[in-house]
Structure formats: C-alpha cells, structure tokens
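For reference, the structure discussed in these notes is given below.
Residue numbering restarts at 1 for every chain, and letters A, B, ... go by the order of the sequence lines. As the structure is a computational prediction, the values presented were derived from the model and not from experiment.
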2 protein chains.
Amino acid sequence: MKDSNRDVTMAERDQLVLRRTLDIICGKWRLFILLNLGEHTRRYGELRRMMPDVSEKVLIQELKSLISLGVLEKESFSEVPPRVEYRLTTKGRGILPHLNSLHLIGAPFMED
Amino acid sequence: MKDSNRDVTMAERDQLVLRRTLDIICGKWRLFILLNLGEHTRRYGELRRMMPDVSEKVLIQELKSLISLGVLEKESFSEVPPRVEYRLTTKGRGILPHLNSLHLIGAPFMED
DNA sequence: TAACTTACACACAAAAAAGTTAGTAAAAAA
DNA sequence: TTTTTTACTAACTTTTTTGTGTGTAAGTTA
C-alpha cells in the first residue's frame with residue numbers, strides 16, 4: 001500500500017516534470033530561440049534577424065515566458081537607442097546537451 | 001560557397017526534424033499516450049480509463065494524428081461491441097528510450 | 001423489452017497560440 | 001528638420017487546440 005501510494009505520487013511528479021519540459025520546448029519558436037542563443041549573449045534585434053519568420057510580438061512574448069521559466073535571463077542597458085541582451089541561465093544551458101535526443105526522436109519520421 | 005550553402009540546407013533540415021519531433025511530443029496529451037502505451041497493446045477504452053482527464057474526442061483525434069505520423073498503429077476487430085487496439089509502431093518504440101532526456105530537461109526547472 | 005457496452009462521428013463552443021498593425025521615447029545620423 | 005534606430009506595448013484578428021454534448025450500430029445482460 002505504502003509503495004503503491006508512493007508510485008502514484010511519483011507518477012504524478014513525473015507528469016509534472018514532463019509538462020514542465022513541454023512548457024520549455026513546445027511552441028513554434030521556443031526551441032529555435034534556445035538553439036540560436038546557445039552559449040551566446042545576443043541582442044533582441046540580433047535574434048529577430050536570425051528568426052525572420054517570427055513576429056516581434058511573439059518573439060518578445062516567448063522571451064518573456066522563457067525568462068519566467070528560468071531558462072533565460074536578460075540585461076537592459078540604459079542607452080538610446082535601447083540595448084537589451086538575452087542569454088541562457090546556467091540551468092538553461094543544461095538543456096543544450098539534450099537537444100540531440102530531440103533530434104533523434106523526429107529523425108526516423110521524416111520520410112512520410 | 002558550396003559549404004555554406006550546404007550548411008544552410010542542413011540547418012533547414014535540422015529545423016524540419018525538430019519540428020517533426022515537436023509534432024510528435026507536443027500537445028497536452030501526446031506524450032502521455034506514448035507513455036501509457038509503451039510496449040503494450042491497449043484498447044481504446046483502456047487508454048481512456050488511464051487518462052480520465054482527456055475527452056473522448058481529443059483522445060481519438062490525438063490517436064489519429066499519431067497514427068498518421070507513423071508513431072502508432074491500430075487494429076480493428078469486427079466484433080460487437082467493437083474492439084480496437086492501439087500500439088506503437090517499430091519506429092514509435094524507438095522514441096521510448098529518449099523520454100528520459102525529456103525528463104532531464106524539465107527536472108531542474110521544477111522548484112520555481 | 002429496457003438498459004448497457006464500445007469506439008467512434010458530428011456540430012459547436014471556449015480557450016490558447018500566433019500574427020498584424022500602429023504607436024512610443026529619445027538620441028543620432030542625414 | 002526629417003528620418004532612422006531599438007526594443008518594446010497595446011489593441012485587435014486569425015488560426016489552432018482543446019473541450020462539451022449528443023448520437024449511433026448492434027450485440028449482451030438484466
């Protein structure tokens with residue numbers, strides 16, 4: 001009984017962890033933001049130019065979300081015109097090694 | 001020139017592969033369908049009972065999508081009441097070993 | 001005979017994600 | 001002086017995703 005109860009709560013915890021993963025990588029652009037940042041620090045406009053197909057609003061919105069998830073951090077400089085830099089947090093950089101697995105998941109399903 | 005062109009097309013191919021990955025795992029329920037199937041063959045109603053929070057319509061819809069992606073296959077028996085079984089395809093089973101990486105991505109972001 | 005079962009389909013509604021367009025501050029460049 | 005630049009915000013529309021509720025065939029069970 002004790003064990004099966006613990007199993008249930010572990011399964012639930014696993015669900016939450018997986019949902020958190022989905023929060024981080026799902027969405028049309030999140031993964032590409034992570035890839036384009038990598039180990040670099042980049043300005044907003046620089047990211048914008050690297051991803052010409054995402055709208056400004058959505059890019060900013062996604063950057064905000066990733067910041068509030070703890071994946072990214074941003075630094076604003078009091079200059080005119082404004083300068084804002086984005087980079088992965090330490091935890092965020094921990095995601096990078098796993099992106100290869102994501103590649104391996106989709107690869108076999110390409111020729112359909 | 002040749003090299004940089006090839007780089008571009010490889011980057012584009014990578015994007016497509018990643019998007020395919022997202023097709024497979026994103027959505028509120030897809031990952032849990034994969035987890036609940038695992039190496040098993042299960043009837044529709046069995047899945048339904050394992051995931052009480054997903055509506056019938058959405059479950060069927062997601063099963064269909066996963067079938068057309070080549071992740072699942074289904075077998076219908078001509079019985080009454082009807083019996084329909086779902087299982088991962090061979091390619092689909094190839095996803096399972098990578099689910100651990102998905103876990104590792106989200107885990108560090110849980111205590112926020 | 002009435003009720004129950006299974007694996008759906010269909011019409012519709014609500015919610016979430018993504019996109020479009022216009023506007024802003026304030027300095028520097030033309 | 002007008003234009004350009006940067007990194008946004010705000011209002012709004014479109015598209016996609018998810019959910020709700022009802023109906024159905026045709027046997028089995030009560």
Whole angstrom value for the distance that separates C1' of dA7(C) from CG of Leu72(B): 16 Å
query: Can Glu75(B) and Arg87(B) be counted as an ion pair, charged N to O under 4.0 angstrom?
result: yes
Rounded interatomic separation in angstrom, taking CG from Leu59(A) and C1' from dT20(C): 15 Å
- line: Of all heavy-atom pairs linking Met50(B) and Asn36(B), the shortest is CE-OD1, 3.7 Å
- prompt: Given dA7(C), dT18(D), dA18(C), which nucleotide is nearest the side-chain atoms of Glu62(B)?
  reply: dT18(D)
query: Quick one: Arg42(B) CZ to dA7(C) P, roughly how many Å, whole number?
result: 14 Å
- prompt: Of the candidate nucleotides dT9(D), dT6(C), dT5(D), which contains the atom at the shortest distance from the side chain of Ile60(A)?
  reply: dT9(D)
- prompt: Got a donor-acceptor contact below 3.5 angstrom from the Arg30(A) side chain to the Asp23(A) backbone?
  reply: yes
- request: Output the single nucleotide from dT6(D), dG19(C), dG19(D) whose closest atom is nearest the side chain of Pro81(A).
  value: dT6(D)
query: Is Lys28(A) touching bases, backbone alone, or none of the nucleic acid, heavy atoms closer than 4.0 Å?
result: sugar-phosphate
field: Atom pair distance, as rounded to whole Å: OH in Tyr44(B) and P in dT5(C)
entry: 15 Å
- prompt: Base, sugar-phosphate, or nothing for Glu79(B), non-hydrogen atoms under 4.0 angstrom?
  reply: nothing
- prompt: dG27(D), dC8(C), dA26(C): which one has an atom nearest the side-chain heavy atoms of Val80(B)?
  reply: dG27(D)
field: Sugar-phosphate only, base, or nothing, as touched by Tyr86(A) at under 4.0 Å among non-hydrogen atoms
entry: sugar-phosphate
task: Could you check which of dG19(D), dC8(D), dT6(D) has an atom nearest any side-chain atom of Lys74(A)?
output: dC8(D)
statement: Whole-Å distance, Arg30(A) CZ to dA17(C) P, equals 8 Å
- prompt: Which nucleotide in the list dC8(D), dA7(C), dA10(D) gets nearest to the side chain of Arg43(B)?
  reply: dA7(C)
field: Whole-Å distance separating the CD atom of Glu75(A) from the P atom of dT6(D)
entry: 19 Å
message: Less than 4.5 Å apart, side chain to side chain, heavy atoms only: is that true for Leu96(A) and Leu88(A)?
response: yes
message: Can you give me the closest heavy-atom contact between Ile24(A) and Ile105(B), atom names plus distance?
response: CD1-O, 4.3 Å
field: Rounded interatomic separation in angstrom, taking CG from Asp23(B) and P from dA17(C)
entry: 17 Å
- request: Compare the minimum distances between each of dA7(D), dG19(C), dC8(C) and the side chain of Pro82(A), then state the nucleotide with the smallest one.
  value: dA7(D)
query: dT5(D), dC8(C), dT18(D): which one has an atom nearest the side-chain heavy atoms of Lys57(B)?
result: dT18(D)
field: Protein-nucleotide distance (Ile25(A), atom CD1; dA17(C), atom C1'), rounded to Å
entry: 17 Å
- prompt: Nearest nucleotide by nearest heavy atom, which residue falls closer to the 5' end of DNA chain C, Gly27(A) or Leu63(B)?
  reply: Leu63(B)
query: If you look at every strand shown and take non-hydrogen atoms under 4.0 Å, does Gln61(A) touch a base, only sugar-phosphate, or nothing?
result: nothing
- prompt: Between dT9(D) and Lys64(A), is there an OP1 or OP2 to side-chain N/O distance shorter than 4.0 Å?
  reply: yes
task: Just compare dT9(D), dA7(D), dC10(C) and give me whichever is closest to any side-chain atom of Val84(A).
output: dA7(D)
field: Arg48(B) (side chain) donor-acceptor with Val54(B) (main chain) under 3.5 angstrom
entry: yes
